[in-house]
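Here is how names work: the chains are called A, B, and so on, in the same order as the sequence lines, proteins then strands, and each is numbered from 1. What's counted below: heavy atoms across the whole structure, side chains too, no hydrogens, waters or symmetry copies. All values reported here derive from a predicted model rather than from experimental measurement.
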Protein chains: 2
Amino acid sequence: MQMGEGVEWALHSCLNLAWAEADGAVSAAKLAAIFDLPPAYLNKQLQALVRAGILTSSSGPRGGFRLARDLADITVMDVVAAIEGPQEAFRCQEILRNGPTGRDGVDYREHCAISKTMRRAELAWRRELAARTLAELRDEVEAASPGSPGAYRRRFAELK
Amino acid sequence: MQMGEGVEWALHSCLNLAWAEADGAVSAAKLAAIFDLPPAYLNKQLQALVRAGILTSSSGPRGGFRLARDLADITVMDVVAAIEGPQEAFRCQEILRNGPTGRDGVDYREHCAISKTMRRAELAWRRELAARTLAELRDEVEAASPGSPGAYRRRFAELK
DNA sequence: GTCCAAGTACTCGGATATCGCCTGTCCGAGTCGTCATGG
DNA sequence: CCATGACGACTCGGACAGGCGATATCCGAGTACTTGGAC
């Protein structure tokens, strides 16, 4: 069970977009160059964020990606769901239905003790991620390393 | 990010083994027949449980699998780790190292705010699963449907 | 009747294919800036 | 000097390959039971 690496890229890119906000849209190529990522593939991930309403995109020169809303209104869970999809990690196949106690018309996702346990754990995971906004992440980074925003903006300017 | 279906099979099989405990070892073929699962593939998953010390196995006629310890000493997390492996779902690639603020000698798994957030969430997930023993699951099932143990044992006898 | 030994059926365990998803790349449609040209 | 139109460069977006892990299967090694025969 492994999470796609696009999640990490997307989260970092969102913070970068916030720091570069005043300078207008940022292309996928520049965002990729910052961390030495494959540009076309990062583009693909950012497209998912656009579909999820987290970013907006514009084509042509001076085009690129831009935050669709304030960082305070974006949770880590939003980004994870945008990249990984909304489905749960544990998918109950309801194999109990085939067992000796199986009955039709019973929703084993709700009644199977195993399924309930897995769902509860996953809910705890989702709750942690949903409780954390990107604004909090940004503030945490800036508190630990106040020079970060400037450093990233300078690097973006170099890539101009 | 999807969990292998072997996890569900393994958990149900452990409960079945507990109910059939007095009747001796149970072969992978019988355990698979209960839920209409591919026998050879279920066997592969059970092998992982053996390697993890959750089950013991014996070959030959009257052979099969058996619980290595009491259900109260097996957590759901144990089974998940045995099937899925011990590595975390989120793997920090430390892409910050390539950025303008990157430094050698820094462990970004510990210092990156994003990595810390993901790890915290995953820890909450693991904690939920580790807090739940298979004995609790068994008791929950038996409370909701007291006929289950007998039904499974009868089915196992039929498959003799 | 009892003991023994060979044969047989059954089981796990690992080696071997197949499939789908994650990863990665490429090209086309659209857009904006630029520059030459004419008034 | 200014307006205008065509050109060109740049960007996203989706269509198109490659690789790796999950899924599924098969066969060999080992074991315990069975069965036949000898004593």
Integer-rounded Å distance: [N] [atom2] and [X] [atom1]:
| X | N | atom1 | atom2 | value |
| --- | --- | --- | --- | --- |
| A/Glu84 | C/dC21 | CD | P | 13 Å |
| B/Met1 | C/dC21 | CE | P | 16 Å |
| B/Asn43 | D/dA24 | CG | C1' | 12 Å |
| A/Gln45 | C/dT23 | CD | P | 7 Å |
| B/Leu49 | C/dC12 | CG | P | 13 Å |
| B/Ile83 | D/dA22 | CD1 | P | 11 Å |
| B/Leu42 | D/dT23 | CG | P | 13 Å |
| A/Tyr41 | C/dT25 | OH | P | 10 Å |

The complete set of salt bridge (Lys or Arg N to Asp or Glu O under 4.0 Å) pairs with one or both residues in residues 137-147 of chain A, sequence neighbours excluded, reads A/Arg132-A/Glu140, A/Glu140-B/Lys116
Pairs under 3.5 angstrom only: tabulate donor-acceptor contacts from the side chains of residues 122-129 of chain B to other protein residues two or more places apart or in another chain.
{"unit_1": "B/Glu122", "atom_1": "OE1", "unit_2": "B/Phe90", "atom_2": "N", "d": "3.3"}
{"unit_1": "B/Glu122", "atom_1": "OE2", "unit_2": "B/Ala89", "atom_2": "N", "d": "2.5"}
{"unit_1": "B/Glu122", "atom_1": "OE2", "unit_2": "B/Arg126", "atom_2": "NH1", "d": "3.4"}
{"unit_1": "B/Arg126", "atom_1": "NH2", "unit_2": "B/Pro86", "atom_2": "O", "d": "3.2"}

Contacts satisfying side-chain hydrogen bond (donor to acceptor under 3.5 Å, both in side chains) that involve residues 146-156 of chain A (not counting sequence neighbours) are A/Asp23-A/Arg153, A/Ser145-A/Ser148
Pairs in or reaching into residues 48-72 of chain B: which pass ring pair (Phe, Tyr, Trp, His ring centres under 6.0 Å), with residues at least two apart or in two chains? none
Using the closest heavy atom to pick a nucleotide of DNA chain C for each, name whichever of A/Gly6 or A/Arg62 lands nearer the 5' end. A/Gly6
Please list residues of residues 7-39 of chain B whose heavy atoms come under 4.0 Å from any atom in DNA chain D, ordered by number; otherwise none. B/Trp9, B/Pro38
Residues in salt bridge (Lys or Arg N to Asp or Glu O under 4.0 Å) with A/Glu94, at least two apart? A/Arg97, A/Arg109
What pairs with B/Ala72 under side chain to side chain contact (heavy atoms under 4.5 Å, CB included), at least two apart in sequence or on another chain? B/Asp70, B/Ala135
Taking only residues two or more places apart in sequence, or in another chain, which ones meet A/Ser58 in a side chain to side chain contact (heavy atoms under 4.5 Å, CB included)? A/Ala25
Does a nitrogen or oxygen in the side chain of A/Gln47 sit under 4.0 Å from OP1 or OP2 of D/dG14? yes
Can you tell me if the side-chain N/O atoms of B/Arg66 get under 4.0 Å from OP1 or OP2 in C/dC12? no
I'd like a table of atom pairs between the protein and nucleotides 5-9 of chain D - only N or O on both sides, under 3.5 Å - with the distance next to each one.
none

Taking 4.0 angstrom as the limit, do B/Glu110 and B/Arg119 come out as a salt bridge? yes
ring-ring contact (aromatic ring centres under 6.0 Å, His included) against A/Phe156, all qualifying residues, sequence neighbours excluded: none
Listed pairs under 3.5 Å, donor-acceptor, residues 31-54 of chain B side chains, sequence neighbours left out:
{"unit_1": "B/Tyr41", "atom_1": "OH", "unit_2": "B/Gln45", "atom_2": "NE2", "d": "3.2"}

Dump every N/O contact between nucleotides 16-20 of chain D and the protein below 3.5 Å, one line per pair.
none

Using a 3.5 Å distance criterion without hydrogens, assess whether the side chain of B/Tyr108 forms a donor-acceptor pair with backbone atoms of B/Arg103. yes
State whether the side chain of A/Glu84 and the backbone N or O of A/Gly4 hold a donor-acceptor pair below 3.5 Å, judged by distance alone. yes
Toward the 5' end of DNA chain D, by each residue's nearest nucleotide, A/Arg91 or B/Ser59: A/Arg91
5' priority, DNA chain D, between A/Ser57 and A/Gln2 [closest heavy atom]: A/Ser57
